[in-house]
S.K.: 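Here it is, the structure, as C-alpha coordinates.
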Protein chains: 2
Amino acid sequence: MLLSDQAGQTAAAKIPRPATLRESVIEAIQELIVSGQLKPGQHLVESELAELLGVSRQPVREALQQLSGEGWVDLHPGQGAFVHVPTLEEADQLLAVRTLLETESARLAAGHAGEDGVKRLRALCARGIAAVQSDDVDAAVATNSELHALVTDLSGNKVLAELAAQVARRVRWYHTPVARQRGMASWDEHTSLIDAIEAGDEQRAAKIMRDHTEHTRASYMEQRENEPAEPAPKPVRRRRPRTPSAS
Amino acid sequence: MLLSDQAGQTAAAKIPRPATLRESVIEAIQELIVSGQLKPGQHLVESELAELLGVSRQPVREALQQLSGEGWVDLHPGQGAFVHVPTLEEADQLLAVRTLLETESARLAAGHAGEDGVKRLRALCARGIAAVQSDDVDAAVATNSELHALVTDLSGNKVLAELAAQVARRVRWYHTPVARQRGMASWDEHTSLIDAIEAGDEQRAAKIMRDHTEHTRASYMEQRENEPAEPAPKPVRRRRPRTPSAS
DNA sequence: TTTTAGTCGACTGCCTACAGCATACCGTCC
DNA sequence: GGACGGTATGCTGTAGGCAGTCGACTAAAA
(Lines give C-alpha, C1' and ligand atoms only; values in the text may rest on other atoms or scores of the structure.)
Protein backbone atom coordinates (compact mmCIF):
# COMPACT_ATOMS: atom_id res chain seq x y z
CA MET A 1 0.00 0.00 0.00
CA LEU A 2 1.36 3.35 -0.94
CA LEU A 3 1.75 5.91 1.76
CA SER A 4 -0.30 8.44 -0.11
CA ASP A 5 -3.25 6.09 -0.24
CA GLN A 6 -3.17 5.43 3.45
CA ALA A 7 -4.84 8.66 4.31
CA GLY A 8 -8.31 8.21 2.98
CA GLN A 9 -9.50 11.08 5.08
CA THR A 10 -9.00 14.43 3.49
CA ALA A 11 -7.80 16.47 6.43
CA ALA A 12 -5.34 13.87 7.58
CA ALA A 13 -2.70 14.83 5.04
CA LYS A 14 -0.68 18.01 4.81
CA ILE A 15 1.41 19.09 7.71
CA PRO A 16 0.28 22.56 8.78
CA ARG A 17 3.01 24.31 6.90
CA PRO A 18 3.64 27.89 7.84
CA ALA A 19 2.06 28.62 4.49
CA THR A 20 3.00 31.70 2.56
CA LEU A 21 3.22 35.02 4.26
CA ARG A 22 0.45 36.27 2.04
CA GLU A 23 -2.07 33.83 3.47
CA SER A 24 -1.07 34.62 7.00
CA VAL A 25 -1.49 38.30 6.24
CA ILE A 26 -4.91 37.70 4.73
CA GLU A 27 -6.11 35.98 7.85
CA ALA A 28 -4.56 38.61 10.07
CA ILE A 29 -6.29 41.44 8.25
CA GLN A 30 -9.61 39.60 8.22
CA GLU A 31 -9.25 39.17 11.92
CA LEU A 32 -8.48 42.86 12.36
CA ILE A 33 -11.57 43.77 10.38
CA VAL A 34 -13.93 41.35 12.07
CA SER A 35 -12.69 42.31 15.49
CA GLY A 36 -13.31 45.95 14.68
CA GLN A 37 -9.74 47.14 15.04
CA LEU A 38 -9.97 48.27 11.46
CA LYS A 39 -13.16 50.26 11.05
CA PRO A 40 -15.34 50.36 7.93
CA GLY A 41 -14.21 53.04 5.54
CA GLN A 42 -10.78 53.27 7.06
CA HIS A 43 -7.88 53.84 4.73
CA LEU A 44 -5.49 50.91 4.84
CA VAL A 45 -1.98 52.12 4.26
CA GLU A 46 0.21 49.34 2.99
CA SER A 47 3.36 50.41 4.76
CA GLU A 48 1.56 50.71 8.09
CA LEU A 49 0.05 47.26 7.85
CA ALA A 50 3.39 45.92 6.77
CA GLU A 51 5.10 47.34 9.79
CA LEU A 52 2.28 46.29 12.09
CA LEU A 53 2.52 42.69 10.92
CA GLY A 54 6.27 42.68 10.61
CA VAL A 55 6.47 41.94 6.90
CA SER A 56 7.24 43.91 3.79
CA ARG A 57 4.71 45.69 1.63
CA GLN A 58 4.54 43.04 -1.06
CA PRO A 59 2.63 40.35 0.87
CA VAL A 60 0.36 43.06 2.22
CA ARG A 61 -0.43 44.29 -1.28
CA GLU A 62 -1.25 40.81 -2.46
CA ALA A 63 -3.40 40.16 0.57
CA LEU A 64 -5.34 43.37 0.04
CA GLN A 65 -6.04 42.44 -3.54
CA GLN A 66 -7.34 39.05 -2.61
CA LEU A 67 -9.45 40.57 0.15
CA SER A 68 -10.81 42.99 -2.40
CA GLY A 69 -11.94 40.06 -4.53
CA GLU A 70 -13.82 38.66 -1.57
CA GLY A 71 -15.50 41.94 -0.73
CA TRP A 72 -13.66 42.78 2.46
CA VAL A 73 -11.96 45.88 1.19
CA ASP A 74 -12.49 48.23 -1.71
CA LEU A 75 -9.55 48.98 -3.95
CA HIS A 76 -9.50 52.44 -5.47
CA PRO A 77 -6.79 52.50 -8.13
CA GLY A 78 -4.19 55.06 -7.35
CA GLN A 79 -5.64 55.75 -3.93
CA GLY A 80 -5.31 52.54 -2.04
CA ALA A 81 -7.43 50.14 -0.06
CA PHE A 82 -10.34 50.97 2.21
CA VAL A 83 -12.20 48.70 4.55
CA HIS A 84 -15.52 47.93 2.92
CA VAL A 85 -18.51 49.75 4.37
CA PRO A 86 -21.37 47.27 4.63
CA THR A 87 -24.64 49.02 4.00
CA LEU A 88 -27.92 47.72 5.26
CA GLU A 89 -29.10 47.11 1.72
CA GLU A 90 -26.03 45.12 0.86
CA ALA A 91 -26.29 43.00 3.98
CA ASP A 92 -29.86 42.21 3.03
CA GLN A 93 -28.84 41.20 -0.46
CA LEU A 94 -25.93 39.17 0.81
CA LEU A 95 -28.14 37.28 3.20
CA ALA A 96 -30.64 36.70 0.40
CA VAL A 97 -27.91 35.15 -1.71
CA ARG A 98 -26.81 33.04 1.20
CA THR A 99 -30.35 31.78 1.57
CA LEU A 100 -30.39 30.82 -2.08
CA LEU A 101 -27.08 28.99 -2.02
CA GLU A 102 -27.60 27.21 1.26
CA THR A 103 -31.12 26.16 0.45
CA GLU A 104 -29.88 24.46 -2.67
CA SER A 105 -27.01 22.94 -0.73
CA ALA A 106 -29.38 21.49 1.82
CA ARG A 107 -31.52 20.02 -0.92
CA LEU A 108 -28.56 18.35 -2.54
CA ALA A 109 -27.12 17.25 0.77
CA ALA A 110 -30.34 15.45 1.58
CA GLY A 111 -29.82 13.49 -1.59
CA HIS A 112 -26.12 12.78 -1.24
CA ALA A 113 -25.12 12.69 2.40
CA GLY A 114 -24.11 9.31 3.73
CA GLU A 115 -24.09 7.93 7.22
CA ASP A 116 -20.70 9.35 7.92
CA GLY A 117 -21.78 12.82 6.87
CA VAL A 118 -24.80 12.76 9.15
CA LYS A 119 -22.63 11.62 12.01
CA ARG A 120 -20.30 14.53 11.54
CA LEU A 121 -23.23 16.91 11.36
CA ARG A 122 -24.56 15.62 14.65
CA ALA A 123 -21.16 16.02 16.29
CA LEU A 124 -20.92 19.64 15.17
CA CYS A 125 -24.45 20.32 16.30
CA ALA A 126 -23.68 18.96 19.74
CA ARG A 127 -20.63 21.16 19.98
CA GLY A 128 -22.66 24.19 18.98
CA ILE A 129 -25.33 23.53 21.57
CA ALA A 130 -22.68 23.10 24.23
CA ALA A 131 -21.15 26.40 23.23
CA VAL A 132 -24.47 28.21 23.51
CA GLN A 133 -25.18 26.69 26.89
CA SER A 134 -21.85 27.87 28.20
CA ASP A 135 -22.47 31.33 26.71
CA ASP A 136 -19.44 31.15 24.44
CA VAL A 137 -20.70 33.26 21.58
CA ASP A 138 -17.52 33.16 19.54
CA ALA A 139 -17.37 29.38 19.66
CA ALA A 140 -21.05 29.18 18.77
CA VAL A 141 -20.59 31.39 15.74
CA ALA A 142 -17.55 29.43 14.64
CA THR A 143 -19.33 26.12 15.01
CA ASN A 144 -22.31 27.50 13.17
CA SER A 145 -20.07 28.37 10.25
CA GLU A 146 -18.52 24.93 10.32
CA LEU A 147 -21.90 23.29 10.30
CA HIS A 148 -23.12 25.28 7.35
CA ALA A 149 -19.86 24.64 5.54
CA LEU A 150 -20.23 20.94 6.09
CA VAL A 151 -23.75 21.00 4.67
CA THR A 152 -22.49 22.66 1.52
CA ASP A 153 -19.68 20.13 1.31
CA LEU A 154 -22.14 17.28 1.59
CA SER A 155 -24.06 18.71 -1.34
CA GLY A 156 -21.40 17.14 -3.53
CA ASN A 157 -21.15 20.24 -5.67
CA LYS A 158 -17.70 21.67 -5.06
CA VAL A 159 -18.32 24.85 -6.97
CA LEU A 160 -21.43 25.52 -4.98
CA ALA A 161 -19.62 24.78 -1.74
CA GLU A 162 -16.80 27.15 -2.58
CA LEU A 163 -19.15 29.94 -3.51
CA ALA A 164 -21.23 29.42 -0.40
CA ALA A 165 -18.08 29.50 1.70
CA GLN A 166 -17.10 32.79 0.18
CA VAL A 167 -20.48 34.28 0.95
CA ALA A 168 -20.49 32.78 4.41
CA ARG A 169 -17.18 34.38 5.28
CA ARG A 170 -18.64 37.77 4.55
CA VAL A 171 -21.83 37.00 6.40
CA ARG A 172 -19.85 36.03 9.44
CA TRP A 173 -18.61 39.58 9.68
CA TYR A 174 -22.02 40.78 10.81
CA HIS A 175 -23.12 37.55 12.28
CA THR A 176 -21.72 37.76 15.79
CA PRO A 177 -24.22 40.26 17.21
CA VAL A 178 -27.10 38.25 15.82
CA ALA A 179 -25.92 35.01 17.33
CA ARG A 180 -26.35 36.32 20.83
CA GLN A 181 -29.92 37.26 20.09
CA ARG A 182 -30.91 34.09 18.28
CA GLY A 183 -29.26 31.83 20.79
CA MET A 184 -30.72 28.39 21.18
CA ALA A 185 -33.52 28.61 18.62
CA SER A 186 -31.00 28.50 15.83
CA TRP A 187 -29.64 25.17 17.00
CA ASP A 188 -33.05 23.57 17.27
CA GLU A 189 -33.47 24.39 13.62
CA HIS A 190 -30.13 22.83 12.87
CA THR A 191 -31.27 19.64 14.56
CA SER A 192 -34.38 19.35 12.44
CA LEU A 193 -32.33 20.14 9.36
CA ILE A 194 -30.05 17.21 10.10
CA ASP A 195 -33.06 14.99 10.67
CA ALA A 196 -34.38 15.91 7.25
CA ILE A 197 -31.02 15.28 5.62
CA GLU A 198 -30.72 11.92 7.30
CA ALA A 199 -34.18 11.00 6.07
CA GLY A 200 -33.17 12.07 2.57
CA ASP A 201 -36.14 14.39 2.36
CA GLU A 202 -34.95 17.03 -0.08
CA GLN A 203 -38.06 19.16 0.07
CA ARG A 204 -38.08 19.37 3.81
CA ALA A 205 -34.36 19.97 4.13
CA ALA A 206 -34.59 22.82 1.65
CA LYS A 207 -37.55 24.34 3.41
CA ILE A 208 -35.94 24.14 6.83
CA MET A 209 -32.74 25.70 5.56
CA ARG A 210 -34.63 28.48 3.85
CA ASP A 211 -36.61 29.29 6.95
CA HIS A 212 -33.50 29.04 9.06
CA THR A 213 -31.44 31.47 7.04
CA GLU A 214 -34.40 33.77 6.67
CA HIS A 215 -34.77 33.84 10.44
CA THR A 216 -31.17 34.87 10.74
CA ARG A 217 -31.71 37.51 8.12
CA ALA A 218 -34.79 38.89 9.81
CA SER A 219 -32.98 38.90 13.12
CA TYR A 220 -30.12 40.84 11.64
CA MET A 221 -32.30 43.39 9.91
CA GLU A 222 -34.28 43.92 13.08
CA GLN A 223 -31.11 44.47 15.03
CA ARG A 224 -29.79 46.98 12.54
CA GLU A 225 -33.04 48.92 12.37
CA ASN A 226 -32.43 50.18 15.86
CA GLU A 227 -28.94 51.54 15.53
CA PRO A 228 -29.19 54.63 13.34
CA ALA A 229 -26.88 54.70 10.40
CA GLU A 230 -23.44 56.14 10.96
CA PRO A 231 -22.82 59.54 9.45
CA ALA A 232 -21.60 58.03 6.20
CA PRO A 233 -17.84 58.07 6.56
CA LYS A 234 -16.99 58.71 2.97
CA PRO A 235 -13.89 56.80 1.97
CA VAL A 236 -11.33 59.52 1.88
CA ARG A 237 -7.64 59.06 1.92
CA ARG A 238 -6.48 59.55 5.43
CA ARG A 239 -3.65 61.89 5.92
CA ARG A 240 -1.31 61.96 8.80
CA PRO A 241 -1.62 65.38 10.41
CA ARG A 242 1.17 67.52 9.26
CA THR A 243 3.98 67.39 11.73
CA PRO A 244 3.83 70.68 13.59
CA SER A 245 7.56 70.89 13.22
CA ALA A 246 8.31 73.98 15.21
CA SER A 247 5.68 75.98 17.00
CA MET B 1 -26.27 71.34 -12.39
CA LEU B 2 -23.18 69.55 -11.37
CA LEU B 3 -21.12 67.95 -14.05
CA SER B 4 -21.14 64.61 -12.33
CA ASP B 5 -24.92 64.56 -12.36
CA GLN B 6 -25.10 65.22 -16.05
CA ALA B 7 -24.23 61.66 -16.95
CA GLY B 8 -27.21 59.73 -15.74
CA GLN B 9 -26.12 56.76 -17.79
CA THR B 10 -23.61 54.57 -16.12
CA ALA B 11 -21.20 53.88 -18.94
CA ALA B 12 -21.02 57.48 -20.01
CA ALA B 13 -18.61 58.46 -17.28
CA LYS B 14 -15.01 57.44 -16.83
CA ILE B 15 -12.56 58.20 -19.52
CA PRO B 16 -10.90 54.96 -20.63
CA ARG B 17 -7.97 55.40 -18.33
CA PRO B 18 -4.86 53.45 -19.13
CA ALA B 19 -5.78 51.47 -16.04
CA THR B 20 -3.20 49.71 -13.99
CA LEU B 21 -0.78 47.33 -15.56
CA ARG B 22 -2.21 44.58 -13.40
CA GLU B 23 -5.61 44.81 -15.03
CA SER B 24 -4.13 44.84 -18.49
CA VAL B 25 -2.11 41.77 -17.63
CA ILE B 26 -5.17 40.01 -16.28
CA GLU B 27 -7.04 40.56 -19.50
CA ALA B 28 -4.06 39.53 -21.57
CA ILE B 29 -3.65 36.26 -19.72
CA GLN B 30 -7.37 35.52 -19.87
CA GLU B 31 -7.20 36.07 -23.59
CA LEU B 32 -4.21 33.74 -23.86
CA ILE B 33 -6.09 31.05 -21.98
CA VAL B 34 -9.37 31.38 -23.81
CA SER B 35 -7.64 31.44 -27.16
CA GLY B 36 -5.80 28.26 -26.25
CA GLN B 37 -2.30 29.66 -26.46
CA LEU B 38 -1.90 28.64 -22.84
CA LYS B 39 -3.07 25.07 -22.49
CA PRO B 40 -4.82 23.59 -19.46
CA GLY B 41 -2.32 22.28 -16.94
CA GLN B 42 0.50 24.32 -18.34
CA HIS B 43 2.96 25.76 -15.90
CA LEU B 44 2.92 29.52 -16.00
CA VAL B 45 6.34 30.87 -15.24
CA GLU B 46 6.13 34.41 -13.96
CA SER B 47 9.32 35.62 -15.57
CA GLU B 48 8.32 34.24 -18.95
CA LEU B 49 4.92 35.89 -18.90
CA ALA B 50 6.56 39.08 -17.70
CA GLU B 51 8.95 39.10 -20.60
CA LEU B 52 6.24 38.10 -23.06
CA LEU B 53 4.04 40.98 -21.98
CA GLY B 54 6.86 43.41 -21.51
CA VAL B 55 6.35 44.08 -17.82
CA SER B 56 8.04 43.02 -14.63
CA ARG B 57 7.12 40.06 -12.49
CA GLN B 58 5.14 42.01 -9.94
CA PRO B 59 2.06 42.82 -12.03
CA VAL B 60 2.14 39.28 -13.37
CA ARG B 61 2.14 37.82 -9.88
CA GLU B 62 -0.77 39.95 -8.83
CA ALA B 63 -2.67 39.08 -11.97
CA LEU B 64 -2.11 35.37 -11.44
CA GLN B 65 -3.42 35.62 -7.91
CA GLN B 66 -6.55 37.37 -9.00
CA LEU B 67 -7.04 34.86 -11.79
CA SER B 68 -6.64 32.13 -9.22
CA GLY B 69 -9.47 33.64 -7.22
CA GLU B 70 -11.67 33.50 -10.28
CA GLY B 71 -10.79 29.91 -11.08
CA TRP B 72 -8.70 30.47 -14.18
CA VAL B 73 -5.45 29.19 -12.75
CA ASP B 74 -4.47 27.05 -9.80
CA LEU B 75 -1.85 28.36 -7.44
CA HIS B 76 0.34 25.74 -5.82
CA PRO B 77 2.34 27.44 -3.06
CA GLY B 78 6.02 27.16 -3.68
CA GLN B 79 5.48 25.68 -7.12
CA GLY B 80 3.79 28.35 -9.08
CA ALA B 81 0.71 28.85 -11.21
CA PHE B 82 -0.89 26.34 -13.54
CA VAL B 83 -3.67 26.88 -16.02
CA HIS B 84 -6.75 25.33 -14.52
CA VAL B 85 -7.81 22.00 -15.99
CA PRO B 86 -11.58 22.06 -16.33
CA THR B 87 -12.94 18.60 -15.67
CA LEU B 88 -16.28 17.42 -16.93
CA GLU B 89 -17.60 17.11 -13.41
CA GLU B 90 -16.59 20.62 -12.53
CA ALA B 91 -18.15 22.06 -15.66
CA ASP B 92 -21.36 20.30 -14.77
CA GLN B 93 -21.34 21.70 -11.26
CA LEU B 94 -20.45 25.16 -12.49
CA LEU B 95 -23.32 25.15 -14.94
CA ALA B 96 -25.63 23.90 -12.21
CA VAL B 97 -24.65 26.85 -10.04
CA ARG B 98 -25.17 29.19 -12.94
CA THR B 99 -28.64 27.81 -13.40
CA LEU B 100 -29.39 28.45 -9.77
CA LEU B 101 -28.12 32.02 -9.75
CA GLU B 102 -29.60 33.05 -13.05
CA THR B 103 -32.95 31.51 -12.34
CA GLU B 104 -33.22 33.57 -9.19
CA SER B 105 -32.03 36.62 -11.08
CA ALA B 106 -34.70 36.16 -13.70
CA ARG B 107 -37.35 35.82 -11.02
CA LEU B 108 -36.26 39.03 -9.34
CA ALA B 109 -35.83 40.83 -12.64
CA ALA B 110 -39.42 40.06 -13.53
CA GLY B 111 -40.41 41.84 -10.35
CA HIS B 112 -38.10 44.84 -10.63
CA ALA B 113 -37.32 45.60 -14.24
CA GLY B 114 -38.78 48.82 -15.58
CA GLU B 115 -39.59 49.90 -19.09
CA ASP B 116 -36.09 51.09 -19.69
CA GLY B 117 -34.63 47.76 -18.65
CA VAL B 118 -36.88 45.82 -20.98
CA LYS B 119 -35.96 48.13 -23.80
CA ARG B 120 -32.29 47.49 -23.26
CA LEU B 121 -32.92 43.76 -23.11
CA ARG B 122 -34.69 43.88 -26.45
CA ALA B 123 -31.84 45.84 -27.99
CA LEU B 124 -29.29 43.29 -26.86
CA CYS B 125 -31.47 40.46 -28.07
CA ALA B 126 -31.71 42.03 -31.50
CA ARG B 127 -27.96 42.39 -31.63
CA GLY B 128 -27.50 38.77 -30.68
CA ILE B 129 -29.88 37.53 -33.33
CA ALA B 130 -28.12 39.63 -35.92
CA ALA B 131 -24.80 38.14 -34.85
CA VAL B 132 -26.12 34.61 -35.20
CA GLN B 133 -27.57 35.31 -38.61
CA SER B 134 -24.26 36.63 -39.84
CA ASP B 135 -22.47 33.61 -38.35
CA ASP B 136 -20.37 35.72 -36.02
CA VAL B 137 -19.96 33.26 -33.16
CA ASP B 138 -17.70 35.44 -31.06
CA ALA B 139 -20.08 38.37 -31.19
CA ALA B 140 -22.98 36.08 -30.38
CA VAL B 141 -21.24 34.70 -27.33
CA ALA B 142 -20.28 38.17 -26.18
CA THR B 143 -23.80 39.46 -26.62
CA ASN B 144 -25.17 36.44 -24.83
CA SER B 145 -22.96 37.26 -21.86
CA GLU B 146 -24.08 40.86 -21.91
CA LEU B 147 -27.71 39.85 -21.99
CA HIS B 148 -27.38 37.52 -19.05
CA ALA B 149 -25.39 40.13 -17.17
CA LEU B 150 -28.11 42.68 -17.76
CA VAL B 151 -30.74 40.30 -16.43
CA THR B 152 -28.77 39.84 -13.24
CA ASP B 153 -28.34 43.58 -12.97
CA LEU B 154 -32.05 44.11 -13.33
CA SER B 155 -32.63 41.74 -10.45
CA GLY B 156 -31.73 44.67 -8.21
CA ASN B 157 -29.52 42.47 -6.05
CA LYS B 158 -25.98 43.69 -6.56
CA VAL B 159 -24.38 40.87 -4.63
CA LEU B 160 -26.23 38.32 -6.69
CA ALA B 161 -25.28 40.11 -9.89
CA GLU B 162 -21.62 40.18 -8.96
CA LEU B 163 -21.57 36.53 -8.06
CA ALA B 164 -23.38 35.57 -11.23
CA ALA B 165 -20.91 37.61 -13.23
CA GLN B 166 -18.05 35.77 -11.63
CA VAL B 167 -19.59 32.43 -12.50
CA ALA B 168 -20.47 33.60 -15.98
CA ARG B 169 -16.87 34.57 -16.70
CA ARG B 170 -15.79 31.05 -15.99
CA VAL B 171 -18.64 29.56 -17.97
CA ARG B 172 -17.75 31.63 -20.96
CA TRP B 173 -14.48 29.77 -21.25
CA TYR B 174 -16.25 26.64 -22.40
CA HIS B 175 -19.17 28.37 -23.93
CA THR B 176 -17.91 29.13 -27.41
CA PRO B 177 -18.12 25.60 -28.84
CA VAL B 178 -21.64 25.24 -27.51
CA ALA B 179 -22.83 28.45 -29.05
CA ARG B 180 -22.21 27.20 -32.53
CA GLN B 181 -24.30 24.15 -31.86
CA ARG B 182 -27.18 25.86 -30.12
CA GLY B 183 -27.36 28.69 -32.60
CA MET B 184 -30.74 30.30 -33.03
CA ALA B 185 -32.74 28.27 -30.54
CA SER B 186 -30.96 30.00 -27.68
CA TRP B 187 -32.13 33.40 -28.84
CA ASP B 188 -35.73 32.34 -29.21
CA GLU B 189 -35.59 31.42 -25.57
CA HIS B 190 -34.13 34.80 -24.75
CA THR B 191 -37.05 36.44 -26.48
CA SER B 192 -39.64 34.59 -24.45
CA LEU B 193 -37.66 35.32 -21.31
CA ILE B 194 -37.86 39.03 -22.01
CA ASP B 195 -41.57 38.70 -22.67
CA ALA B 196 -42.04 37.11 -19.28
CA ILE B 197 -39.95 39.79 -17.57
CA GLU B 198 -41.92 42.53 -19.28
CA ALA B 199 -45.16 40.91 -18.14
CA GLY B 200 -43.78 40.74 -14.61
CA ASP B 201 -44.46 37.04 -14.45
CA GLU B 202 -41.87 35.82 -11.96
CA GLN B 203 -42.80 32.16 -12.16
CA ARG B 204 -42.60 32.03 -15.91
CA ALA B 205 -39.39 34.05 -16.12
CA ALA B 206 -37.73 31.73 -13.64
CA LYS B 207 -38.91 28.65 -15.46
CA ILE B 208 -37.75 29.88 -18.84
CA MET B 209 -34.36 30.82 -17.50
CA ARG B 210 -33.98 27.48 -15.80
CA ASP B 211 -34.87 25.59 -18.96
CA HIS B 212 -32.65 27.87 -20.99
CA THR B 213 -29.53 27.38 -18.89
CA GLU B 214 -30.25 23.69 -18.58
CA HIS B 215 -30.42 23.42 -22.36
CA THR B 216 -27.01 25.04 -22.57
CA ARG B 217 -25.72 22.66 -19.96
CA ALA B 218 -27.12 19.61 -21.70
CA SER B 219 -25.67 20.84 -24.96
CA TYR B 220 -22.26 21.24 -23.41
CA MET B 221 -22.26 17.86 -21.70
CA GLU B 222 -23.34 16.18 -24.91
CA GLN B 223 -20.55 17.87 -26.79
CA ARG B 224 -17.95 16.82 -24.26
CA GLU B 225 -19.13 13.22 -24.12
CA ASN B 226 -17.76 12.67 -27.58
CA GLU B 227 -14.23 13.93 -27.14
CA PRO B 228 -12.42 11.38 -24.96
CA ALA B 229 -10.72 12.82 -21.93
CA GLU B 230 -7.15 13.94 -22.38
CA PRO B 231 -4.51 11.74 -20.80
CA ALA B 232 -4.63 13.71 -17.57
CA PRO B 233 -1.65 16.04 -17.85
CA LYS B 234 -0.78 16.12 -14.19
CA PRO B 235 0.31 19.59 -13.20
CA VAL B 236 4.02 19.20 -12.95
CA ARG B 237 6.45 22.00 -12.87
CA ARG B 238 7.88 22.36 -16.29
CA ARG B 239 11.57 22.61 -16.55
CA ARG B 240 13.56 23.98 -19.35
CA PRO B 241 15.79 21.20 -20.69
CA ARG B 242 19.24 21.56 -19.36
CA THR B 243 21.36 23.55 -21.72
CA PRO B 244 23.59 21.02 -23.43
CA SER B 245 26.47 23.39 -22.91
CA ALA B 246 29.22 21.58 -24.71
CA SER B 247 28.79 18.27 -26.43
C1' DT C 1 -15.86 85.68 1.94
C1' DT C 2 -15.58 82.49 -1.85
C1' DT C 3 -13.06 80.74 -5.63
C1' DT C 4 -8.78 79.40 -7.96
C1' DA C 5 -4.04 78.41 -8.71
C1' DG C 6 0.20 76.58 -6.74
C1' DT C 7 2.98 73.78 -3.75
C1' DC C 8 4.05 70.12 -0.70
C1' DG C 9 3.73 65.71 1.24
C1' DA C 10 2.66 61.01 1.21
C1' DC C 11 1.17 56.97 -0.72
C1' DT C 12 0.63 53.80 -4.53
C1' DG C 13 2.39 51.22 -8.52
C1' DC C 14 6.15 49.19 -10.48
C1' DC C 15 10.92 47.49 -10.96
C1' DT C 16 15.16 45.23 -9.41
C1' DA C 17 17.62 42.25 -6.34
C1' DC C 18 18.33 38.49 -3.16
C1' DA C 19 17.46 34.28 -0.36
C1' DG C 20 15.16 29.92 0.15
C1' DC C 21 13.35 25.90 -1.80
C1' DA C 22 11.62 22.28 -4.77
C1' DT C 23 12.61 19.54 -8.48
C1' DA C 24 15.42 17.13 -11.81
C1' DC C 25 19.70 15.05 -12.89
C1' DC C 26 23.62 11.96 -11.87
C1' DG C 27 26.86 9.18 -9.58
C1' DT C 28 27.33 5.70 -6.05
C1' DC C 29 26.12 1.92 -3.11
C1' DC C 30 23.52 -2.24 -2.09
C1' DG D 1 19.32 -3.61 -11.80
C1' DG D 2 17.16 -0.63 -8.49
C1' DA D 3 17.29 2.57 -4.64
C1' DC D 4 19.48 6.28 -2.36
C1' DG D 5 21.94 10.51 -1.55
C1' DG D 6 24.48 14.57 -3.50
C1' DT D 7 24.52 18.40 -6.54
C1' DA D 8 22.98 21.76 -9.74
C1' DT D 9 19.41 24.64 -11.56
C1' DG D 10 15.87 27.74 -11.97
C1' DC D 11 11.76 29.15 -9.99
C1' DT D 12 9.07 31.26 -6.24
C1' DG D 13 8.59 34.28 -2.19
C1' DT D 14 10.06 38.37 -0.11
C1' DA D 15 12.46 42.69 0.53
C1' DG D 16 13.86 47.29 -0.64
C1' DG D 17 13.88 51.34 -3.68
C1' DC D 18 12.40 54.78 -7.09
C1' DA D 19 9.24 57.48 -9.90
C1' DG D 20 4.51 58.94 -10.75
C1' DT D 21 0.30 60.58 -8.98
C1' DC D 22 -3.34 62.00 -6.08
C1' DG D 23 -5.06 64.72 -2.40
C1' DA D 24 -4.60 68.30 1.05
C1' DC D 25 -3.15 72.54 2.46
C1' DT D 26 -1.83 77.50 1.62
C1' DA D 27 -1.99 81.71 -0.45
C1' DA D 28 -3.58 84.97 -3.77
C1' DA D 29 -7.33 87.02 -6.55
C1' DA D 30 -12.22 88.18 -7.49
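In what follows, chains are A, B, ... by sequence order, proteins preceding strands, each numbered from 1.
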S.K.: In this structure, how many angstroms lie between the C1' atom of D/dG13 and the CZ atom of A/Arg22, rounded?
M.R.: 9 Å

S.K.: Starting at atom CD of B/Glu46, determine the distance to atom P of D/dT12, rounded to an integer number of angstrom.
M.R.: 4 Å

S.K.: Excluding sequence neighbours, so at least two apart, what forms side-chain hydrogen bond (donor to acceptor under 3.5 Å, both in side chains) with B/Asp153?
M.R.: none

S.K.: Is A/His43 close enough to C/dT12 that one of its side-chain N or O atoms is under 4.0 Å from OP1 or OP2 there?
M.R.: yes

S.K.: Who are the side-chain contact (heavy atoms from CB on, under 4.5 Å) partners of A/Glu89, not counting sequence neighbours?
M.R.: A/Thr87, A/Gln93, B/Lys158

S.K.: Can you tell me the distance, in whole Å, between the CD atom of A/Glu23 and the C1' atom of D/dT14?
M.R.: 15 Å

S.K.: Considering only D/dG13, C/dA22, C/dC14, which nucleotide approaches the side chain of B/Thr20 most closely?
M.R.: C/dC14

S.K.: Identify each atom pair where a protein N or O and an N or O of nucleotides 15-19 of chain D are less than 3.5 Å apart, giving names and distance.
M.R.:
unit_1, atom_1, unit_2, atom_2, d
D/dA15, OP2, A/Ser56, N, 2.7
D/dA15, OP2, A/Ser56, OG, 2.9

S.K.: Residues in salt bridge (charged side-chain N to carboxylate O under 4.0 Å, His left out) with B/Glu90, at least two apart?
M.R.: B/Arg170

S.K.: Just to verify, what does A/Arg57 make a side-chain hydrogen bond (donor to acceptor under 3.5 Å, both in side chains) with, not counting sequence neighbours?
M.R.: A/Glu46

S.K.: Output the residues of residues 60-75 of chain B in contact with DNA chain C, where contact means a heavy atom of the residue under 4.0 Å from an atom of the strand; sort by number or write none.
M.R.: none

S.K.: So B/His43 and B/Phe82, would you call those rings parallel, tilted or perpendicular, with 30° and 60° as cut-offs?
M.R.: parallel

S.K.: Does B/Thr99 have any side-chain contact (heavy atoms from CB on, under 4.5 Å) partners at least two apart in sequence or in another chain, and if so, which?
M.R.: B/Thr103, B/Arg210, B/Thr213, B/Glu214

S.K.: Going by the rule side-chain hydrogen bond (donor to acceptor under 3.5 Å, both in side chains), which residues pair with B/Asp92 if we only count those two or more places apart in sequence or in a different chain?
M.R.: B/Arg217

S.K.: Could you tell me which residues satisfy side-chain contact (heavy atoms from CB on, under 4.5 Å) with B/Glu70, sequence neighbours excluded, listed by chain and number?
M.R.: B/Gln30, B/Gln66, B/Trp72, B/Arg169

